Amino acid sequence: MKHTIRKSTLRGIAAAALVFVASNAALAQEKPPLPPEVMAILGEPEGPADGLDAAVIGALGQPEEPVPTNDASIDAKSAAIAVKLRCPVCQGVAVSDSPSGMAVKMRGQIRDLVAQGYSEEQVMSYFERSYGEFVRLEPPMQGLNLLLWILPGVVLLGGAWFVLHQARRPITATAVSQADAPTAAAVDPALAKYLERIRRDAGTS
Amino acid sequence: MNKGVLAVGLAVTLPLLGLLLLNLGRNPSAIASPLIKKPAPDVRMKNLSGGGSLQLSSLRGQPVVVNFWATWCIPCIQEHAALTAAARTNPDVTFLGVVYEDTTENALSFLAQRGSAYNSYADDDGKAAIAFGVYGVPETFFIDAAGTIVDKYVGPLDDDTLFAKLSAARK
């Protein structure tokens, strides 16, 4: 008897759950249209049914991460992204540091995207899609950008090598040897006899 | 040694000289939009006069001109007459204005004073400006019937420039 009660109770719960799920699904699929007088006040719905922006879905697709539930984690993640984005209407200032209206709106957009579960890289690439790589304060280490990282090191090492190389060379090697010295006639024929005399006096000729 | 120094000097200076020559004709403040030849962002904007909004993708099938403007922007005032005239003489093209960093009240009173031949939309949260990568105003985007951005113009438009850009958007 006990056993049968348990079984029927379980069946009842399962049936109730099924009805609940099915009715919810039906409700979700068939949203009753708003009356025209309400539509006239509210206008059309703000965006697609899932609450995501069509422009963002077109650019990024679906969010890669689960929707964050905690406001503090959304703020922290948004702030970390705003530091890496350049404010397009300022001069070399991060979105996080700019008081301009556009930067404020960009911070709002970042927060919206993070709150919907878009990953940092997705958010960055959303802004990059419209503003280009310029919007990233740190250009990614790829392609020609690699030169930005490699070239200063190469120039520094090259300079150090050059200085050391010069320092090690004996001084005499850099002095002009007698053989290389220009002849008086080659410099100025008029000076030839004076040079000849100086050399004779000095005993070098 | 002298030859070596010369070679190193040339190796450093020639590429720099090449870069200089390549970019001599370029406007240093102009940054090419990565959106050219890409599908226009499907933004939704609220009608300025309230009630209703516009999803940009609903305009597919006809060329579209999207002009970002503000009442505080002098070049926007300069180009307003040219844009209004072009909208009147090109009924096959949909013109629309997007108010950038300005209030709806300012925009409405500006349009009431100077007249307009097309709708303007509010972008209070800046999402349309961000999606279009707007740096400042005026910026105008030319979109073809397939919804692809074919050109972007920064600065005040005149009749001739508008005519040329519209022809490109019609192709």
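In the text below, chain A, chain B and the rest are named by the order of the sequence lines, each starting its count at 1. Values reported hereafter were calculated over all heavy atoms of this structure, with side chains retained and with hydrogens, waters and symmetry mates removed. Source: prediction; values computed, not measured.
Note: B:Ile130 CD1 to A:Lys105 NZ = 8.5 Å, rounded to the nearest 0.5 Å. Residue B:Lys127 holds its NZ atom at 4.0 Å from CG of A:Asp112, rounded to the nearest 0.5 Å. Here the CE-OH distance, from A:Met102 to B:Tyr100, works out to 4.5 Å after rounding to the nearest 0.5 Å.
With a 6.0 Å radius and a threshold of 12 heavy atoms from other residues, nucleotides or ligands, A:Leu144 has its CG atom at or below the threshold.
For A:Glu128, the part sitting under 4.5 Å from any heavy atom of chain B is the backbone (N, CA, C, O) and nothing else. B:Asn47 does not touch chain A: none of its heavy atoms, backbone or side chain, sits under 4.5 Å away. B:Ala129 touches chain A through backbone and side chain together, each having a heavy atom under 4.5 Å away.
In terms of non-hydrogen atom pairs under 4.5 Å with chain A, the most contact-rich of B:Leu56, B:Val8, B:Leu35, B:Val43 is B:Leu35. Per-residue counts of heavy-atom pairs under 4.5 Å with chain A were compared for B:Gly126, B:Ser57, B:Pro41; the largest is that of B:Gly126.
Checked by atom type and distance alone, the side chain of A:Ser130 never pairs as donor or acceptor with a backbone atom of B:Phe132 at under 3.5 Å. Looking at A:Tyr131, its side chain does come within 3.5 Å of a backbone N or O of B:Val134 through a donor-acceptor pair.
Of all the heavy atoms in A:Ala54 and B:Gln55, the pair that sits closest is CB-NE2, 3.3 Å. Summarising the geometry of B:Pro34 relative to A:Gly132, their closest heavy-atom pair is CG-N, 3.3 Å, with the distance given to 0.1 Å.
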